[in-house]
Each structure stands twice: as C-alpha cells, then as structure tokens.
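When a residue number appears, it is its place in the shown sequence, counting from 1.
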Amino acid sequence: MRYTLRQLEYFIAAGECGSITVASERIAISQPSISTAISHLEKELGVQLFVRQHAHGLSLTPAGRKLVVAAKRVIKEAENLYDAASEATDQVRGQLCVGSMVTLAPMIMPELAHNFMSIYPMVQIRQFEANQEWLLDSLRRVEIDIAIAYDLQIPEGIEFSPLASLPPYVLVSANHPFAQKTEVSLQDLVDEPMVLLDLPFSREYFFSLFFKEALQPKIYSSSAHLEVVRTMVANGYGYTLANVRPRSDMALDGRKLVHIPLAGSHRPMIVGTATLANLNKSRLLQAFEQHCKTSISDSHIPGMLASILGH
C-alpha cells in the first residue's frame with residue numbers, strides 16, 4: 001500500500017469542503033500538503049478525484065465521490081484498532097471527533113477538551129464548531145463521534161442526553177433605558193429593535209418565545225455570529241435574546257453589556273450530548289460522555305458564570 005491514512009484524511013477534508021483553502025483551515029494543515037496528498041492519491045489510484053474549477057473550488061468526480069465513501073470506511077476501520085487496543089490494555093486512547101454548537105464552543109470546549117486530555121494523555125480530540133443543523137447531519141454521516149448541542153429538533157436516530165438548562169435572558173448596552181431594570185418582559189421588548197442571532201433552529205427558538213404570547217419581534221438586524229450580535233448590542237443598535245453568556249460582560253470592542261432576566265415562564269435551551277442512537281460506543285466515547293456529565297451541570301458550565309444559570 002503506497003498511500004497513507006493521513007493522505008486519505010486530507011482527501012476527505014477537501015472533498016467535504018469543496019475547497020483546499022477551506023479544508024486547510026478546517027484541519028489546520030497547509031494547502032500545499034493537501035494538494036500534494038491529492039496528487040499522490042490520483043497518481044497512485046489511477047483516477048481523477050476532483051475537477052478543479054477556477055474561482056469555484058473543487059468538485060468531486062464520480063470516482064472521487066465513491067472513493068470518499070471508501071476512504072471514510074478505511075479511516076473508521078483504522079480507528080477501530082485504537083478501540084481494540086483500549087479493550088486489550090484497559091486504556092482510554094485514540095482520536096475523538098467532537099462537534100460543538102458554535103455559540104457554545106468558545107466557552108465550553110477549551111476547558112472541557114483540555115481537562116479530558118489531561119486525564120487521558122493518549123487521547124487526541126479533533127474539534128468542529130458549527131450550527132445545530134450541521135452537527136446533527138454530521139452525526140448521521142458519522143463524520144463526528146459526539147456533539148455538544150441543544151435539544152432543538154433532535155431527529156429520530158439521534159440520542160440526546162441533557163446536561164444543563166439555559167434560560168433565555170435579555171442583553172442590552174450599558175446605556176440602554178432597560179439597563180437598570182431588574183427584569184424585562186417580551187411585551188416590553190416588542191417595539192424595541194432586535195439584533196437577532198440568526199442560526200438554524202436557534203432563530204426558530206427565539207421567535208417561538210414571542211409567538212407563544214402572540215407577539216411579533218421587531219428585527220433591526222441579524223447575524224450568524226454571536227460576537228457580532230453582542231458588539232452591535234453594546235453599540236446601541238438594539239437588544240438581543242440569548243441563552244449563553246461568556247464570563248466577560250464586555251463586547252469585543254470593549255463596550256459593556258448588561259444582562260437582564262426575561263420575565264415570565266419560558267422554555268429554556270437544554271445543552272447536552274448527542275450521539276447516534278444504538279451506537280456500539282467505544283471505551284473512549286463512553287469516557288468522554290462521562291466526563292461531560294461530571295463537567296457540565298446546572299451549577300457549573302465551563303466558560304460561563306454559575307450565577308447566570310438561573311435568575
């Protein structure tokens with residue numbers, strides 16, 4: 001065999017991303033290394049894997065699509081060797097692909113992953129940050145082993161284990177008229193401009209809070225990036241609703257933010273772990289699930305202040 005597992009991993013990343021540049025950013029490998037791996041595989045296997053389109057990235061050829069599927073099987077079988085070694089030696093080792101909701105990842109994942117690898121030094125964690133829809137699709141495609149996600153539209157075939165409850169709250173600038181209030185209702189907010197965190201499933205959750213009370217929010221602007229939303233709010237563009245709150249009450253530009261409890265009874269977001277149902281879980285995956293259970297709860301979530309987990 002004159003190709004390596006690493007070359008297959010680079011090929012899979014390029015195939016999934018449709019771009020060597022994006023694949024390079026995703027797996028933190030230089031673009032020339034990925035290009036070289038693809039060229040080597042094409043020469044070794046005697047097939048063209050991609051059609052290179054100027055300004056449009058890469059498109060898999062029919063042979064390339066088949067080989068992506070086959071390459072994933074090869075990588076999975078190779079990873080099973082770690083599982084076999086773990087069973088034989090009673091050690092937790094190997095590589096774990098962990099996806100995290102993009103709004104949670106900056107707060108939760110650094111501490112969670114670092115502590116786990118400190119306990120199990122023979123483990124490597126590959127992290128993926130994305131929206132809820134991507135995480136669920138990636139679990140079904142077996143591209144990630146586990147996801148730190150919300151209990152939003154969990155489909156059949158995915159097992160969700162709740163860990164902590166995150167009630168919604170209101171976020172405004174320090175100069176906003178509501179900044180001194182002890183709580184704010186949706187009725188108070190309905191005529192105020194809203195800066196919406198616009199992510200799949202999340203936006204439906206925020207809209208549902210209003211719709212349940214027969215109200216319509218006044219959307220001024222929206223962004224799929226939490227820090228953009230926070231910075232716009234800090235600059236006085238309007239308010240936002242959120243469930244996660246970093247330990248810092250400062251936006252990235254240094255302006256102060258104020259969080260206010262949302263009056264009334266509202267469905268919280270539940271953060272938890274998601275895996276494929278009926279999955280024969282490796283020793284490594286079981287150990288990480290247990291680590292999540294001991295690390296994330298209503299009284300403590302990595303990267304967040306315990307005081308904001310309730311009103």
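- In this structure, S35 and I20 have side chains that are in contact, with non-hydrogen atoms separated by less than 4.5 Å.
- Using a cutoff of 4.0 Å between basic side-chain nitrogens and carboxylate oxygens, R26 and E143 are not scored as salt-bridged.
- A donor-acceptor pair under 3.5 Å links the side-chain atoms of S24 to the main chain of I29, judged by distance alone.
- In terms of the ring pair (Phe, Tyr, Trp, His ring centres under 6.0 Å) criterion, Y10 has no residue partners (sequence neighbours excluded).
- Aromatic ring centroids of F11 and F50 lie under 6.0 Å apart.
- Interatomic distance, CG of L41 versus OG1 of T4, reported as 7.5 Å (0.5 Å rounding).
- Without hydrogens or angle criteria, E204 side chain to F201 main chain gives a donor-acceptor distance under 3.5 Å.
- T275 is listed as a side-chain neighbour of E289, based on a closest heavy-atom distance under 4.5 Å.
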- [ ] Could you walk me through whether E159 and K281 pass the salt bridge (charged side-chain N to carboxylate O under 4.0 Å, His left out) test, one step at a time?
- [x] CA-CA 12 Å; E159 177 183 295; K281 296 178 181 178; 3.2 Å; yes
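- Using a 4.5 Å cut-off on side-chain heavy atoms (C-beta onward), K218 and D191 make no contact.
- Considering only residues two or more places apart in sequence or on other chains, R126 meets the salt bridge (charged side-chain N to carboxylate O under 4.0 Å, His left out) condition with none of them.
- For Y205, there are no ring pair (Phe, Tyr, Trp, His ring centres under 6.0 Å) partners at least two apart in sequence or on another chain.
- Under a 3.5 Å cut-off, the side chain of D151 and the backbone N or O of I270 do form a donor-acceptor pair.
- Side-chain atoms of S118 come within 3.5 Å of backbone atoms of H114 as a donor-acceptor pair (strictly under, hydrogens ignored).
- Judged by distance alone, with hydrogens and angles left aside, the side-chain atoms of Q132 form a donor-acceptor pair with the main-chain N or O of L152 at under 3.5 Å.
- Judged by distance alone, with hydrogens and angles left aside, the side-chain atoms of Y150 form no donor-acceptor pair with the main-chain N or O of G272 at under 3.5 Å.
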Task: Candidate pair Q31 and T21, rule side chain to side chain contact (heavy atoms under 4.5 Å, CB included), full reasoning - done: CA-CA 6 Å; Q31 294 182 40; T21 301; 3.4 Å; yes
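- Both F128 and M117 are part of a single hydrophobic cluster, where members link through side-chain heavy atoms under 4.5 Å apart.
- For L276, the side chain to side chain contact (heavy atoms under 4.5 Å, CB included) criterion is met by V142, I158, L279, not counting sequence neighbours.
- Between the side chain of T240 and the backbone N or O of L171 there is no donor-acceptor pair closer than 3.5 Å.
- Atom CD of Q48 sits about 11.0 Å away from atom CG of L60, to the nearest 0.5 Å.
- You'll find the side chain of P162 reaches within 4.5 Å of the side chain of F160, heavy atoms only.
- For V184, the side chain to side chain contact (heavy atoms under 4.5 Å, CB included) partners are V170, F178, K181, D188, L189, I260, not counting sequence neighbours.
- Criterion: ILVMFWY side-chain heavy atoms under 4.5 Å apart, direct or through other members. Under it, M109 and I119 are part of a common hydrophobic cluster.
- Checked by atom type and distance alone, the side chain of T294 pairs as donor or acceptor with a backbone atom of H291 at under 3.5 Å.
- No donor-acceptor pair closer than 3.5 Å links the side chain of D145 to the backbone N or O of L96.
- Within 6.0 Å of atom OH in Y237, 12 or fewer heavy atoms from other residues, nucleotides or ligands are found, so the atom counts as exposed in its surroundings.
- For D253, the salt bridge (charged side-chain N to carboxylate O under 4.0 Å, His left out) test picks out R255, with sequence neighbours left out.
- Side-chain contact between T103 and S202: absent, with no pair of heavy atoms (C-beta onward) separated by less than 4.5 Å.
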